[in-house]
Participant: 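Let me begin by handing over the structure; questions about it come next.
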There are 2 protein chains.
Amino acid sequence: MEGPTNISDVIEKYLKGILAEAEQVEIRRSDIADQFNVVPSQINYVIKTRFTIQNGYIVESKRGGGGYIRIEKVNLLADADVLDSLLTDVVGDSINQHDAFAIINSLFNDGVLKEREANIILAAIDKDTLNVADRDVENTLRARILIGVLNRLRFED
Amino acid sequence: MEGPTNISDVIEKYLKGILAEAEQVEIRRSDIADQFNVVPSQINYVIKTRFTIQNGYIVESKRGGGGYIRIEKVNLLADADVLDSLLTDVVGDSINQHDAFAIINSLFNDGVLKEREANIILAAIDKDTLNVADRDVENTLRARILIGVLNRLRFED
DNA sequence: CAATCTTTGACTAATATTGACTATATTATA
DNA sequence: TATAATATAGTCAATATTAGTCAAAGATTG
């Protein structure tokens, strides 16, 4: 019944309309801001809230002359739901090395990760690699890395 | 969408186009500057920002009559010494996201990393993933993860 | 009314462009 | 051969051109 009620939704729909036709959109932030009569930083808000990796978008940008913001749509993989439930149920906002290793190991056993891929992740979240004095900080950081990596693996590219 | 709208990107692409065909490219700075209608020092800027060792290039030059700038592509897979010095000198104990991304991209281009492997590493060292308040701490952590991961891959082979 | 989402703008950071000045190598000339 | 003239490239800082961050204010929703 009702259309979009705020300008952020309008901008979101505009960009997604383009992405329905093309692989990616490349904009000049101030152009879009002018077009919808909003301040430039609102474009960042729209992107941060509506074009996340969880939703299947990858965003790249460059400042300076000829700068741009590029939004790319990426496709969900078959394993996406496995990774998704793992993320919401198991990882949380803190995870110790033992539990994290078990997750990666099971993903390897299930064929979601190749051996080299698993080894890369294990190296990245190893406690000696992170080398953080505080155990809680270490576990929080490990959770963030795991979430970032597994979210990325939900998509192809 | 559109191509680059800044002249530095255009010059970069021109030079990389030549390097796609040849082992190296040798230019006279003022020729290229004239060709693209920029001041000569902009050629130095393009080289300094886009043909660094972390991008996989080595640059040599000579001044005076018959002077030149020569850009050579190095293969990090073939040249273990270059990779070594790159990790020691460029990564060291701190590295920002921009430089780290350039290194991973080079390793992918040279066949050291597969695309999925590169994406995993990029996700792990992304500043939003690490989400550390202090920039120095973030860069230190990124360096440890990068070195930890690459060393793990190295022992594999 | 409390929580959440949106809008705004001041401030920050990154990148690109330009030109004056410096450094170095080669060539011409005394 | 020594020196001067010429022909290169390098450095650096000022300015211009973008995008990013953050927090306060305002609006909406449950």
Participant: Determine the contact category for A/Arg50: base if any of its heavy atoms lies under 4.0 Å from a base atom, sugar-phosphate if only primed atoms, P, OP1 or OP2 are that close, otherwise nothing.
Facilitator: sugar-phosphate

Participant: Could you check which of C/dT7, C/dT26, C/dA14 has an atom nearest any side-chain atom of B/Arg135?
Facilitator: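 Ranking C/dT7, C/dT26, C/dA14 by closest atom to the B/Arg135 side chain puts C/dA14 first.
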
Participant: Checking all strands, does A/Lys48 fall into the base, sugar-phosphate, or nothing category for heavy-atom contacts under 4.0 angstrom?
Facilitator: nothing

Participant: Look at the side chain of B/Ser41 against the base of C/dG19 and say whether a donor-acceptor pair falls under 3.5 Å; ignore hydrogens and angles.
Facilitator: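 Donor-acceptor pair under 3.5 Å: yes.
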
Participant: Under 4.0 Å between a side-chain N/O of B/Thr49 and OP1 or OP2 of C/dT15, yes or no?
Facilitator: no

Participant: What about A/Arg29, does its side chain sit under 3.5 Å from the base of D/dG20 through a donor-acceptor pair?
Facilitator: yes

Participant: Heavy atoms under 4.0 Å, any strand shown: does B/Tyr45 hit a base, just sugar-phosphate, or nothing?
Facilitator: base

Participant: Within this structure, what is the CD-to-P distance between A/Glu60 and C/dA14, rounded to whole angstrom?
Facilitator: 17 Å

Participant: Say whether, by atom type as modelled, one donor and one acceptor occur between the side chain of B/Thr129 and the main chain of B/Ala123 under 3.5 angstrom.
Facilitator: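 It does hold such a pair.
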
Participant: Return the value, rounded to whole Å, for the distance between atom CD1 of B/Ile11 and atom P of C/dT17.
Facilitator: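 So the CD1-P distance, B/Ile11 to C/dT17, works out to 8 Å.
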
Participant: Less than 4.0 Å between a side-chain N and a carboxylate O, is that true for B/Arg154 and B/Asp84?
Facilitator: yes

Participant: Any base atoms under 4.0 Å from B/Gly67, or only sugar-phosphate, or nothing? Heavy atoms, all strands.
Facilitator: sugar-phosphate

